[in-house]
J.: 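Attaching a single structure in structure tokens format; questions to follow.
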Amino acid sequence: MAYIQFLGAAGTVTGSKHLINTSAEPSGTSGLQVLVDCGLFQGQKEWRERNWRDLPVPAKEIDGVILTHAHLDHCGWIPRLVKAGFRGPIYATPATIDLCGIILPDSGHLQEEDAAFYNKINKSKHNPALPLYTLEEAQNSLRNFKPVSVEQTVEVSSELSFRFVRAAHILGSCMAEITLQTAGQSHRLLFTGDIGRVRNQTIAPGKVVHSGPMEGETADVLVMESTYGNRLHPKQDPLPELAALITAAAQRGGSVVVPAFAIELTQKFLFILKHLAESGQIPRLPVFCDSPMAIKAVQVFLKHTEEYSDDTRNLIQQYGSPLNWPGFTFASTPEESKKINQVQSPSIIISSSGMVTGGRIMHHLAQRLPDPRNLILFIGFQAPGTRGFTIKSKAPQVKLFGGVTYLVHGEPDASGQLRDVMKKDLGWNVQVAQYLEKVEVK
Ligand SMILES: [Zn+2]
């Protein structure tokens with residue numbers, strides 16, 4: 001009998017990898033082997049270390065990957081799989097492929113930065129830290145992608161075919177419905193990937209109005225995500241409350257700081273702000289979008305209008321590209337990002353990372369969190385253990401960078417390394433004191 005083996009996202013929310021083997025033998029050697037998703041383990045060290053382990057089957061023996069969507073916990077291990085010898089096709093929707101073109105190279109870049117950092121602080125030649133994969137390897141892995149339209153049936157072999165059905169999660173996201181024809185029997189498997197919320201057009205336009213296979217269609221095995229399995233969605237329209245919160249912050253002279261994931265959430269929130277401002281529900285405040293990845297993703301979102309409902313297409317037609325909206329500033333360079341700190345009048349700052357685990361949002365919060373006039377607005381999931389979760393839990397204190405620590409009494413090498421370790425591990429703002437330097441005490 002064919003089998004499914006869970007190689008990730010079992011007992012945790014990251015590292016999605018499900019292996020289907022069509023073989024009738026327990027060894028599985030003669031069967032076709034296809035992975036549904038190939039995600040990175042993220043979060044705690046215990047999980048991240050799994051990214052370094054080989055799969056239980058050699059990568060070169062895997063015949064293909066079916067990718068549900070472009071979040072790293074579903075696609076982020078693809079460059080590693082290719083590096084390990086995988087040569088098959090990676091099936092994904094055109095929008096997923098375009099998003100992977102931004103996300104995977106960025107992930108490779110971060111892996112290289114991390115490895116360089118660990119090598120800098122620990123100079124052991126016998127044990128150099130290596131990136132899980134490099135930016136170049138991530139770019140090379142993009143060549144394996146094969147575009148598949150929604151509802152198109154793809155025959156991977158005589159034993160296995162599949163089609164994508166929409167999942168209403170992020171741009172390009174789909175469920176994978178797989179049909180197995182083995183030992184004279186037919187079986188249908190449905191892998192949901194992440195499931196979005198089917199929207200009421202009047203409340204939150206933008207998403208497809210249907211998610212998953214059509215009514216009446218069945219599956220023999222359903223592999224379903226359960227991230228929010230213990231929560232209920234609020235039933236009321238969130239926009240009036242959002243507008244009231246933003247307006248109140250502006251009236252008391254405060255700014256709004258929004259930690260947001262760079263892909264999807266930021267773009268969606270930009271359109272919500274535009275709509276609220278144009279309809280007079282919030283004052284026209286300057287909006288700063290401070291995330292290079294979010295800026296790149298705007299282009300991908302505008303290209304894939306096939307993903308949207310008519311309402312959203314009209315919205316895009318009406319307002320055009322956010323990159324051209326007056327009053328909206330997009331910060332690419334670190335200098336442009338830092339300049340936002342000088343803005344004293346009420347404004348809205350959207351930046352990542354979405355769970356305040358790093359990135360440019362850190363300096364915006366360090367600057368604006370202490371002022372009670374400001375509003376910190378969480379619009380996405382905050383995992384326990386993250387700074388975002390701590391802030392959202394209304395903890396009386398949160399450590400961002402701390403104050404500033406000046407390191408003295410050290411050779412430049414020793415002080416410099418200690419500064420780097422303290423910055424990385426503690427998130428502190430650490431400087432190495434320079435000879436004769438004057439520091440203002442604030
Ligand atoms: Zn996802």
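Remember, predicted model here, so these are calculated numbers, not experimental data. First listed ligand is number 1; within each ligand, the first listed atom is number 1.
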J.: Find, among atoms of His71 that are N, O or S, the one nearest to the Zn ion (ligand 1), and state its name.
T.: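 Nearest N/O/S atom: ND1.
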
J.: Should the pair Phe6 and His18 be assigned to parallel (<30°), tilted (30 to 60°) or perpendicular (>60°) ring geometry?
T.: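 Rings of Phe6 and His18: perpendicular, as their planes differ by over 60°.
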
J.: Would Glu264 and Lys268 pass as an ion pair if we require N to O under 4.0 Å?
T.: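 Yes, charged N to carboxylate O under 4.0 Å.
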
J.: For His69 and His74, take the angle between the two ring planes, folded into 0 to 90°, and tell me which bin it lands in: parallel under 30, tilted 30 to 60, perpendicular over 60.
T.: tilted

J.: So does His74 have any N/O/S atom less than 2.8 Å away from the Zn ion (ligand 1)?
T.: no

J.: Between Arg80 and Glu137 (salt bridge meaning N to carboxylate O under 4.0 Å), is one present in this structure?
T.: no

J.: When you measure from the Zn ion (ligand 1) to each N, O or S atom of Asp194, which atom gives the shortest distance?
T.: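 Considering only N, O and S atoms, Asp194 comes nearest to the Zn ion (ligand 1) through OD2.
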
J.: Look at Asp73 and state whether any of its N, O or S atoms is less than 2.8 Å from the Zn ion (ligand 1).
T.: no

